[in-house]
Each structure stands twice: as C-alpha cells, then as structure tokens.
Amino acid sequence: LSNINANLKDFSFSKPFQISFNASPLLLKGISPGTSDSPVFKRIMGVVQLGGLTANGNIKIIGGVIKGFNIIKTVLSHTLAGFGGNSFNIDNLLSGPSKLGVADTDIKRADVRFSVHDKTIFIDDSLIETNIFEFTAKGSVDQGLNTDMQTRLHLNKDVSDALVNEFEGLKHLRDDSKRITIDADLNGVIPHLKYKPNKDF
C-alpha cells in the first residue's frame, strides 16, 4: 500500500474509535468489528501480526486537546525537583500570572514523522505546538510499548519571563533567547513512563 491517508475520530488508547483510510490501490472505509470478516482486512491484519509491516509517514494535527494531561506541569514538576527540597508548590507556581495550571493541554498543531520496521515505531521527528510552548521528541516504541524518547520543551519568552518572576531559580533554565528550555529522557512501558530531565543543575 502507498499514499495512505487516514482519518481518526475520537481517538483513544483505551476505547474503540472510528478510523477510515484510503490507499493506492486499495480503499477501505469505516473499519469496525464487522469488517474483520473481510478477506482483505484479514490479509492486512495477518501482515501486521506477522511483523512484516514496514512504513514511513507523517501525521499532522491541526487543533486538538490532550485531556487530563498538562505537559508543562509534568515537565516542570520533575525538573524543579532537581533544585532539591519542597520549598515551592508547582500548582501555586502555575496558577500565578502565567495561568498555566489548567488540566488539559490545548494543541495548536502537531507534526510527527515516523517509520515502522522490525515491529518498532521510530519517531524520527515530532513537534507539538501550543500558544505557550513547543515540545519535540525523537525515539522509539516497540510492540511491547517499551518507550525510549528524547524530548525538549521550549516555553515562549513571555511565559518564561512570567515563571522566572514567580520562581527566580528558573532563570538558570533559559537559553540564549531567554526561553526556558528543558531536555529530558522519557523511558518505560506505556503508560508507566519515567521522565528524567537531563539539565545540569
């Protein structure tokens, strides 16, 4: 198959969701449990199960939300622990002038370039962009959901300034453009991932 275009609706890792895609020279629409009886679909599933799937592609998202997960809170809470002690409260910090203590992460756009081979998904390059930060990641996820990713968070300069005003220690995390920048490794088996900032404090 080549030139695959997919559409997902209400995507979820834990619940069924609708997917439709077309590819040359094959067209499939509205895959559902009933479609599993299709000889064509069985052939595709057989290839996937045998690990013979090789692919390269791009995923682009314009407008979206990660429900119940605040990327900035997760990154900063793990990073600030590197300063030692519990003299700060991450919720108080994020509810200050920066107003970053929301429950969800609203996505302006996301781009992922990936490849699949040897039963492993390789994230060759990815970018999640919101109104207040950019988050990039590279790495791999195998069929057992073992994950090894290298990530970088860039906070916009105005957001970085607001956070530094709230907690001066964050000034040490700014780059040459005065943006807070945090590099980290993301490892483990999904969903039990460990986030390890590798900034030298």
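The structure presented is a predicted model; accordingly, all values stated were derived computationally and were not measured.
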Sequence-distant partners of K194, side-chain hydrogen bond (donor to acceptor under 3.5 Å, both in side chains), two or more places apart = none
Can you sort out the partners of R152 under side-chain hydrogen bond (donor to acceptor under 3.5 Å, both in side chains), two or more places apart, ordered by chain and number?
-> D183
For F135, the ring-ring contact (aromatic ring centres under 6.0 Å, His included) test, sequence neighbours excluded, returns none
In terms of hydrophobic clustering (I, L, V, M, F, W, Y; side-chain heavy atoms under 4.5 Å; direct or indirect links), are V112 and F122 co-clustered?
-> no
Between S115 and N56, what is the shortest heavy-atom contact and its length?
-> CB-OD1, 3.1 Å
One should read off an interatomic distance between E129 CD and T136 OG1, to the nearest 0.5 angstrom, of 12.0 Å
Might you point out which heavy atoms bring V189 and G144 nearest each other, and give the distance in Å?
-> CG1-O, 3.6 Å
Verify, without hydrogens or angle tests, whether T147 (side chain) and L145 (backbone) share a donor-acceptor contact under 3.5 angstrom.
-> yes
d(I180 CD1, L173 CG) to nearest 0.5 Å is 6.0 Å
Might you work through the side chain to side chain contact (heavy atoms under 4.5 Å, CB included) test for H154 and T181, ending with a clear yes or no?
-> CA-CA 5 Å; H154 278 303; T181 301; 2.8 Å; yes
Shortest non-hydrogen pair, S160 vs K178, comes out as CB-O, 3.6 Å
In the single-linkage hydrophobic clustering (I, L, V, M, F, W, Y; side-chain heavy atoms under 4.5 Å), do L153 and L127 co-cluster?
-> no
Answer yes when K60 and D111 have at least one side-chain N-carboxylate O distance shorter than 4.0 Å, and no when they do not.
-> yes
No-hydrogen, no-angle side-chain donor-acceptor test under 3.5 Å, T120 and D118 = no
In terms of heavy-atom contacts, S177 and D175 come closest through OG-OD1, 2.7 Å
d(R113 CZ, D125 CG) to nearest 0.5 Å is 5.0 Å
Donor-acceptor under 3.5 Å (N156 side chain, D158 main chain) | no
Any ion pair linking D161 and R174 (charged N to carboxylate O, less than 4.0 Å)?
-> yes
With I66 as reference, evaluate D104, I71, T130, D106 under the side chain to side chain contact (heavy atoms under 4.5 Å, CB included) test and give the passing residue.
-> I71
Tell me, with the steps shown, if F133 and I72 meet side chain to side chain contact (heavy atoms under 4.5 Å, CB included).
-> CA-CA 8 Å; F133 70 86; I72 291 181; 3.5 Å; yes
Less than 4.5 Å apart, any side-chain heavy atom of I190 and any of V141?
-> yes
Any chance you could measure K196, atom NZ, to D185, atom CG, to the nearest 0.5 Å?
-> 7.5 Å
Out of curiosity, N131 CG to K108 NZ, how far, rounded to the nearest 0.5 Å?
-> 5.0 Å
Okay, side chain of T151, backbone of A184: is any donor-acceptor separation there less than 3.5 Å?
-> yes
Less than 4.5 Å apart, any side-chain heavy atom of K119 and any of D142?
-> no
Is the closest side-chain heavy-atom distance between F114 and I59 below 4.5 Å?
-> yes
Pairwise distance CG(L170) to CG(L76) - rounded to 0.5 angstrom | 6.5 Å
Which atom names give the shortest non-hydrogen contact between A137 and S126, and what distance separates them?
-> O-OG, 2.7 Å
